[in-house]
Amino acid sequence: MSEPDRIENLGTYEMIWDCKFCGTQSLPAKTHKFCPNCGAAQDARSRRFPSDDEKKAVENYVSQGADLICPACSTPNAATAKFCQQCGAPMEGAQKVETLHSQVRDQDEKFQASEVRSVDNVAYEKDLRAAGVLPNAAAGGSKTGLYVLIGIGALAIIAILVAIFWRKDASAVVAGHEWERSIDIQTLSAVPGGTWCDSMPFDAYNISRSREQRSSRSIPVGEECGVRRIDNGDGTFSERRECQTVYEEEPIYDDYCSFVTNQWVYARSVEQMGESLTDAPRWPLLQLNSGTCLGCEREGGRSESYAITLQAGDKTYTCQVPYAFWEQADVGSAWNFKVSVITGRPDCGSLEPTG
Ligand SMILES: [Zn+2]
Ligand SMILES: [Zn+2]
C-alpha cells in the first residue's frame, strides 16, 4: 500500500503477554512487568496484540523507545534503565526488544487478539537460522533462482564477447569489384491524417470535425480508511487511522480534425549496378514526371555502395569499402585482414596491403 494521505492517531494501548511458567494469559504488558500469579518476570517474546474488546488504554503515554533486554536475565527494562530492575546487572550493550509486524484492518472490522506465541519455538527457529539449517529470512528460496539467472546472463555476455572479439589472421587477393548506385523517387500524394484541431497543418483540406476525449482530470470523491496497530516495543502499541483519497476520472473533450494533406512519399528506387573497375560507376538516368501536381515525381535521395571480392584458397570474402579504397584495390593485389573465428565474417576495417 502506498503512503496514506491522512493519518489520525487513535491512542496508545497495552500489549498483552502470557506467563510461560504458570500459564496465565493476556496480562497487560506495561502494567505487569511480573506475573501477578507466580512472580515470574515478563518475557518480551510472548507479547502480542489484544482484541479490540480487551484492549486497555494508556493515559498520558510518553514514548521512550523500545525496551532493552537484560543481558543477564532476559527481563525487559525501560530504554532509559541503567541497571536491570530484576537482577541489578548493568544494561550496557543490551539488545532492543524485537517488535511485532503491525496489524492492519479495514475501517468497519474489529481486531482479534494475535495468536499466543510459542516462545521456545521462536528461540529454536532462530538457532536453526543461525546454524544455516533454515533459510535466512523469507526470500531465501527465491535467491537461488536469482543467482542461476545472473549466471546464465553472465555466460551469455561472455559468449557474445567471444563471438565479437575472437579473430584470426587471414590474407587474400582481390578477385573482383562490384558497385551499386541508387536514387529514391518520391511522388506527391494525398495522405489522410488527423490531429487536435488547434494544431492542424495550414495546408490541410477535406476537413471534418468530431468531439473526442482529449484527456481527463482526477476528482476526489471520498476516502478509503483502515486502522493500523504499531508495536512500540515498550509493552504498548499505538493505533492510528490511515486514509487514502479516492479519485474518479472525469473525461475532457475537444475538437478532433480529420483531413488530407499533400506530401512527398517514397514510391520506388532506380538502380544502376556494375561488376568491374572498368565499368565506371555512374548514376541511373531518370525520366521524372516533374511538377507540383498530385502524382508528380521528384528525386528523394541517393545512395551508393562499393564492394570487393577477396579470394583466399577456396574461401571467398566480400567487403563493403569506401569508394577511394575500392578504386585503388586492383585485381590481384594482396591484403591481410582479420576474420571472426565464430562467424567466419571478415573485419573489412582491418584490411592492410601485404608487405
Ligand atoms: Zn505466572
Ligand atoms: Zn536482569
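Worth knowing before you read on, the calculation uses all heavy atoms, side chains too, and leaves out hydrogens, waters and symmetry mates. Whatever order the structure lists ligands and atoms in, that order sets their numbers, starting from 1.
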Margin query: Pair Glu14, Thr31 - check side chain to side chain donor-acceptor pair (under 3.5 Å), show working.
Written below: CA-CA 8 Å; Glu14 297 215 28; Thr31 312; 2.4 Å; yes

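In Phe21, the CZ atom is not crowded: 12 or fewer heavy atoms of neighbouring residues, nucleotides or ligands sit closer than 6.0 Å.
The Zn ion (ligand 2) lies at the vertex of an angle of 110° between the SG atom of Cys84 and the SG atom of Cys73 (rounded to 10°).
A single hydrophobic cluster is seen to contain both Leu310 and Trp179, as judged by linkage of ILVMFWY side chains at heavy-atom distances under 4.5 Å, directly or through other members.
No side-chain donor-acceptor contact under 3.5 Å links Ser182 and Glu304.
Relative to the six-membered ring of Tyr253, Arg211 misses at least one condition, a distance below 6.0 Å or an angle of at most 45° to the axis.
Classified by interplanar angle (parallel below 30°, tilted 30° to 60°, perpendicular above 60°), the ring pair Trp326/Tyr306 is tilted.
Around the Zn ion (ligand 1), the protein atoms of type N, O or S found under 2.8 Å away are Cys19 SG, Cys22 SG, Cys35 SG, Cys38 SG, listed by chain and number.
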